[in-house]
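Chain letters run A, B, ... following the sequence lines, proteins first and then strands; every chain starts at 1.
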Amino acid sequence: MNLEEKIKEIGSICIPGMRLSLSNKDNVSGPGTYELKGYIYAALAGILKTEEDENTKANIISVESSRTPSVLPNTGDIVTAKVTVVNPRTVQCLILCVGPSVLVRMYKGILKKEDIKATEKDRVDPYKCFRPGDIILARVLPMTEIHWYQLSTAENELGVVIATAEGSPQGVSMVPISWSEMQCPKTLVKEPRKVARVIPENINQSLFPVHSKQDNHHTDK
Amino acid sequence: MPLDFRRFNGPEDSVSYKIYTKDYLKTYDEQLKDLYDENGKRKDGRELNEARSMCMFFARTDMVSQAKGSAYVELRKTKVVCSVFDPREIPHQNEFRQLGQLYCEVKFAPFSCPRKRRPYVPDVEEKALSVALRQALEPAVCRHFFPNYQIDVLIYILEHDGSCLAAAINAAGLALANAAVPMFDIITSCSVAVIGNKMFIDPTEIEEHIAKNSTEVNHGIITMSVLSQLKQISDFTQIGSMDVECVTKVMEVLLKECEIIVPNIQRILVVDVVKNFELKKHLEAETKKREEILKKKMDEWRSLLNGQ
């Protein structure tokens with residue numbers, strides 16, 4: 001049957017409640033599975049995936065579903081969020097993605113003044129680090145409030161990834177020129193931001209390269 | 001019954017035309033005899049112990065495009081649609097809870113019941129079904145994955161021909177799996193109507209009506225839902241009065257019946273996974289094609305710029 005051939009091509013399909021394996025040192029339950037009475041069971045309908053963990057050499061058994069699983073951001077995850085309101089004490093944002101998966105519904109996150117930077121926590125001005133409309137990478141802190149996620153950007157790799165300057169045309173994102181400043185390539189306006197260490201893919205730079213001989217593989221410094 | 005102001009209501013002392021039909025004037029015994037004929041077959045041709053799950057069962061997922069996950073279950077004439085949405089904040093909640101909640105709402109369409117029209121405002125029966133559905137689904141869903149949030153499970157019954165709660169639980173289980181809500185197991189459900197010493201498995205609406213209004217010693221309806229792989233009963237609902245032997249007999253029958261539905265549900269979920277996989281492959285192929293075209297255009301522009 002055509003269906004059988006397709007199933008063979010995909011691999012092992014799991015449905016919730018299927019027993020996958022024993023749970024011991026060699027087999028660890030990953031996302032999409034749960035552990036009960038010494039066995040690992042599937043929790044989602046999807047495709048079975050086993051990966052080897054480099055540190056412990058154990059198989060991480062997980063079930064990958066084609067839809068984003070209905071899970072919320074967990075403590076310690078890196079999330080992508082869009083800044084909505086900037087106050088002198090807090091920064092409010094909407095969480096768009098958890099890790100690589102895009103969320104269907106945006107959840108509210110809040111960034112306190114003390115959690116924006118790792119150093120000089122008290123003398124930081126949130127308006128100089130974020131502006132409404134910026135896309136930031138942040139880490140989720142343990143939950144204290146019921147419906148808001150506490151976020152933190154107190155690491156070098158976290159902070160603003162995509163930002164547009166005031167008065168610039170839409171779609172033109174700024175290029176970072178230092179860890180605390182960004183510049184718009186069109187209007188050449190400089191604005192202060194807390195920049196993340198990950199360099200964003202800047203499509204303007206590859207379409208209109210400064211040096212004509214270089215190709216578009218010069219995105220990492 | 002509150003008046004429906006959007007429709008023309010007749011004069012206040014008007015009654016339904018149904019009280020003048022021959023069916024209404026039958027006595028209880030005549031109605032009971034109507035239910036099954038000499039060979040022991042029921043009105044729709046089934047045996048007394050034959051459920052609709054074998055030949056008259058249809059279900060599919062991805063029925064509602066706006067919902068995260070959805071399912072449609074049809075048991076011959078009973079038709080049920082279920083939609084499941086992503087976790088959202090619980091309104092009016094003040095305390096921190098470790099487990100998430102399920103917000104279940106069962107609604108009958110106004111045209112669904114044969115005996116009367118359903119009002120728009122949820123009435124007592126709908127509220128009771130919503131509570132029963134929630135009790136059945138709570139043991140099946142991994143609620144520790146969404147603390148302080150609730151998942152909406154909305155059921156809309158398009159036609160009521162008996163076994164509504166069982167169909168609703170089956171549909172909700174499928175829709176939750178379709179929406180990638182982590183579950184401990186798939187949930188299946190079935191119901192039985194008892195009238196005297198006769199058991200009608202998967203009753204139709206007429207059988208349910210007579211079972212509820214019967215005056216025999218054992219009468220009533222039992223709905224049971226089972227987590228198949230973990231072999232646990234997640235919910236047991238009984239309407240009516242029955243003695244202990246009757247209840248234990250019915251429970252054994254129901255366990256077997258719920259077991260029979262499981263391969264159907266499994267097949268639907270597998271087909272769903274295959275379909276999504278195919279869709280993903282197709283989308284990836286399309287993106288590759290578009291990226292090729294875009295790359296070609298970019299090379300063209302770059303060479304134009306460099307040439308100038």
Chain A heavy atoms under 4.5 Å from [X]: which part of the residue, side chain, backbone, both or neither?
X: B:K280; result: side chain
X: B:R97; result: neither
X: B:E95; result: backbone
X: B:F277; result: side chain

Item to check | Shortest non-hydrogen separation from B:V273 to A:I47 and the atoms involved | outcome: CG1-CG1, 4.1 Å

Checklist entry - Which class fits the ring pair A:Y149 and B:Y149: parallel under 30°, tilted 30 to 60°, perpendicular over 60°? => result parallel

With rounding to the nearest 0.5 Å, note down the distance linking [atom1] in [X] to [atom2] in [Y].
X: B:R267; Y: A:I15; atom1: CZ; atom2: CD1; answer: 12.5 Å
X: B:L283; Y: A:S66; atom1: CG; atom2: OG; answer: 11.0 Å
X: B:D185; Y: A:R19; atom1: CG; atom2: CZ; answer: 11.0 Å

Checklist entry - Any side-chain heavy atom of B:I186 sitting closer than 4.5 Å to one from A:P16? => result yes

Next on the checklist: Measuring only between side-chain heavy atoms, which start at C-beta, is B:L230 closer than 4.5 Å to A:Y41?
Outcome noted: yes

Checklist entry - In terms of heavy-atom pairs under 4.5 Å, which option from B:Q229, B:M183, B:Q266 contacts chain A the most? => result B:M183

Checklist entry - Which residue out of B:I265, B:D86, B:L176 racks up the most heavy-atom pairs below 4.5 Å with chain A? => result B:D86

Checklist entry - What part of A:L103 gets closer than 4.5 Å to chain B, counting heavy atoms only: side chain, backbone, both or neither? => result neither

Does [X] [atom1] have over 12 foreign heavy atoms under 6.0 Å away?
X: A:K108; atom1: NZ; answer: no
X: B:F96; atom1: CZ; answer: yes
X: B:Q98; atom1: CD; answer: no

Item to check | Max heavy-atom pair count under 4.5 Å with chain B, selected residue of A:R105, A:M143, A:M18 | outcome: A:R105

Item to check | Aromatic ring proximity, centroids under 6.0 angstrom, B:F184 and A:Y34 | outcome: yes

